[in-house]
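Okay, so here's the structure we're looking at.
Keep in mind that this is a model prediction, so the values were computed, not measured. Throughout, a chain's letter reflects where its sequence line sits, starting with A, and its residues are numbered from 1.
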Amino acid sequence: YRHSSQYRFWSFTPEQLEQKRIDTNAQAVVSVEERLSAFRDENNADLTEEEVKTLLEKAVPVTMEEEVKLVNFYAKKVQGIAQHMNLPTEVVATSLTFFRRFYLENSVMDIDPKTIVHTTIFLACKSENYFISVDSFAKKTKSVREAILKHEFKLLESLKFSLLNHHPYRPLHGFFLDIQNLLTGKVDIKYMGQIYENCKKRITEALLTDAIYFYTPPQITLAALLLEDEALTLKYLETKFKPKEEEAETETEVDEKKKNKKVEDKDNSPKEDKPESSINYDVLLSLILACKEKII
Amino acid sequence: EYTKEKKVGEGTYAVVYLGTKQSTGRKIAIKEIKTSEFKDGLDMSAIREVKYLQEIQHVNVIELVDIFMAYDNLNLVLEFLPTDLEVIIKDKNILFTPADIKSWMLMTLRGVYHCHRNFIMHRDLKPNNLLLSPDGQIKVADFGLARAVPSPHESLTSNVVTRWYRAPELLFGANHYTSAIDIWSVGIIFAELMLRIPYLPGQNDLEQMDVTFRALGTPTDRDWPEVSTFSLYNKLQIYPPPSRDELRKRFIAASENALNFMCNMLTMNPVKRWTAAQCLESEYFKEIPPPSDPSSIK
Amino acid sequence: DLSKRYTLAESLYSDPFIKDLQNRKEYIASGFRTDFVYDRVLTEAFM
């Protein structure tokens, strides 16, 4: 994951993310002010008193906070349109991710979000091998090919040419399996299926928050699981990551392990070597709790 | 920062130039993606190259040095790789040894393994996509047909991989194949390195099936469950698999381990076909001669 | 990756979605492998 473009280009601390938004907005403000004063100079003679006054009051650049609100508003639209088109979950997620990243690099004052909504979905379809020709895409979205293609290059460049996204959905499937492995006999499969579906919805909502910039996909998944069933998730995390000596193993758990061991041997799957050092239980738990707060 | 000094190639969707990175003097190749021709905006091959090369950093995969836009064209700056395995196989003036072949196979499989453990299928492995750096390193290149391993229920097109290197499941039109198709291609490349001529050169897709099964035997439900459910299966000529002796005669220079290595990569049933990891851990790489030091290969 | 943070325990997984695919003829013939699927999603979970 540390080699992935998602980690290298699109992971931030909250401070870095805010600074990025401030910088992007500031750059746009400068160019808007320049265009405004040029406009005033060119049209100085024709402008009435009233118009000059209106210009000063109304034609003011949006602030960074207002940009974030507008981008989030349109991000929900991108998600809605992509879902309405019955695109696969991963394609919807990629569309949304592309759109939100685009506005970390560009200001709404430079490129109106309305003009980029379809382009992000169209590029996401291509990138996720869900190819739809631009003509049939235009028909589906009641748009025109020129408008869809107009900003495609700009979008790709603003994305720093990073198209491969890791979304929290696959990790959800992974944890769904690993929980069964570690908590064998303690979880009801039907119930797990319900948890799975609910978590998918929570993940889809989480993609609209800044959690995707602060946490890794699996951490977001575990936060969604925690929201769905705290007891089960904590039990799983303790069993998986809490160093053994701290945990008072009950009789049944010891038998369970022996049974598992036999099963695993039969499976001749590789021994579970626990690199205790690599994942610190307390750090992981605090991360997931913070991520949960962010998502809520 | 970059110059385009000499045009060295032109494909359907790109023109390739040799150039120099000004700040370091490093020789580079620039793949200029033509964009005017494509009615659907950026071409899928360009998107795939960009998407996967951005994620892969490995000594045996071509390095994407930089990407930039210029005059509405997308330019991929790649490391400069002067030749490829196809040139070497064809040029009879170039002599190479079993140790050289072993070295090339080792490097190729390391590159392919790195793609597969990142869940990326290359889907067009062949000698002229295995480029060589000035210090002899093999580099897997051309990710224009690559794709991430799909979600399990997704359907994939079987129309991938250059015909002579295409796995039997693709010839049958399978839509739920796995990265095993890349291993088949590597097996065919290995055979071609030993023979110095293409091993299974079919003139068209149907003949490709005939050439493949005549050489390696027609698969049956016994060794490949449900293979008879492919619609193309009924039109097949049934050939027996070659005896071990026939294979020995065909690949005179190959040791027993080399033959095992090849046969496991060319196993018909994709489920039983070796993975890249199994290939890398095979006896073939442990027996003498050891693989040549890449920089020493002429 | 020598120290994977999971053990592939296929016999312990009840995954109706994958089990269904695994029994379809066109999946079997294509070379579909459940261990590849499980390995993929578990790797993404522990990356």
Exercise for the section: Measure Asp39(C) against the heavy atoms of chain B and call it side chain, backbone, both or neither at under 4.5 Å. Expected result: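 Both parts, backbone and side chain.
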Practice task
Find the distance between CZ (Arg24(C)) and OG1 (Thr229(B)) and round it off to the nearest 0.5 Å.
Solution key: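 Rounded to the nearest 0.5 Å, the CZ-OG1 separation comes to 13.5 Å.
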Exercise for the section: Say whether, by atom type as modelled, one donor and one acceptor occur between the side chain of Arg40(C) and the main chain of Val149(B) under 3.5 angstrom. Expected result: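 Yes; judged by distance alone, with no hydrogens or angles, the pair exists.
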Can you tell if the side chain of [X] reaches within under 4.5 Å of the side chain of [Y], non-hydrogen atoms only?
{"X": "Phe36(C)", "Y": "Ser179(B)", "answer": "yes"}
{"X": "Arg33(C)", "Y": "Thr275(B)", "answer": "yes"}
{"X": "Ser30(C)", "Y": "Asn175(B)", "answer": "no"}

Exercise for the section: Kindly check if the number of other-residue, nucleotide or ligand heavy atoms within 6.0 Å of CG (Asn204(B)) is above 12? Expected result: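 Check passes, neighbour count above 12.
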Problem - Shortest non-hydrogen separation from Pro270(B) to Ala29(C) and the atoms involved - result: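 Minimum heavy-atom separation between Pro270(B) and Ala29(C): CG-O, 4.4 Å.
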Practice task
Grab the two heavy atoms, one from Pro152(B) and one from Ile18(C), that are nearest each other, plus how far apart they are.
Solution key: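 Closest approach of Pro152(B) to Ile18(C): CG-CD1, 3.7 Å.
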Practice task
Identify which part of Glu226(B) has an atom lying under 4.5 Å from any heavy atom of chain C, answering side chain, backbone, both or neither.
Solution key: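 Both parts, backbone and side chain.
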Handout entry: Under 4.5 Å from a heavy atom of chain C, the part of Ser228(B) involved
Key =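 Contact with chain C involves no heavy atom of Ser228(B) at all.
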Practice task
Determine, step by step, whether Phe230(B) and Lys25(C) satisfy the side-chain contact (heavy atoms from CB on, under 4.5 Å) criterion, reporting the C-alpha distance in whole Å, the side-chain angles of both residues, the deciding distance to 0.1 Å, and the verdict.
Solution key: CA-CA 9 Å; Phe230(B) 283 119; Lys25(C) 291 186 186 310; over 6 Å; no
Practice task
Assess whether side-chain contact (heavy atoms from CB on, under 4.5 Å) is satisfied between His153(B) and Asp20(C), documenting all intermediate values.
Solution key: CA-CA 10 Å; His153(B) 59 288; Asp20(C) 162 52; over 6 Å; no
Handout entry: Check: His176(B) ring centre within less than 6.0 Å of Phe32(C) ring centre
Key =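 Not close enough - the centres of the two rings lie 6.0 Å or further apart.
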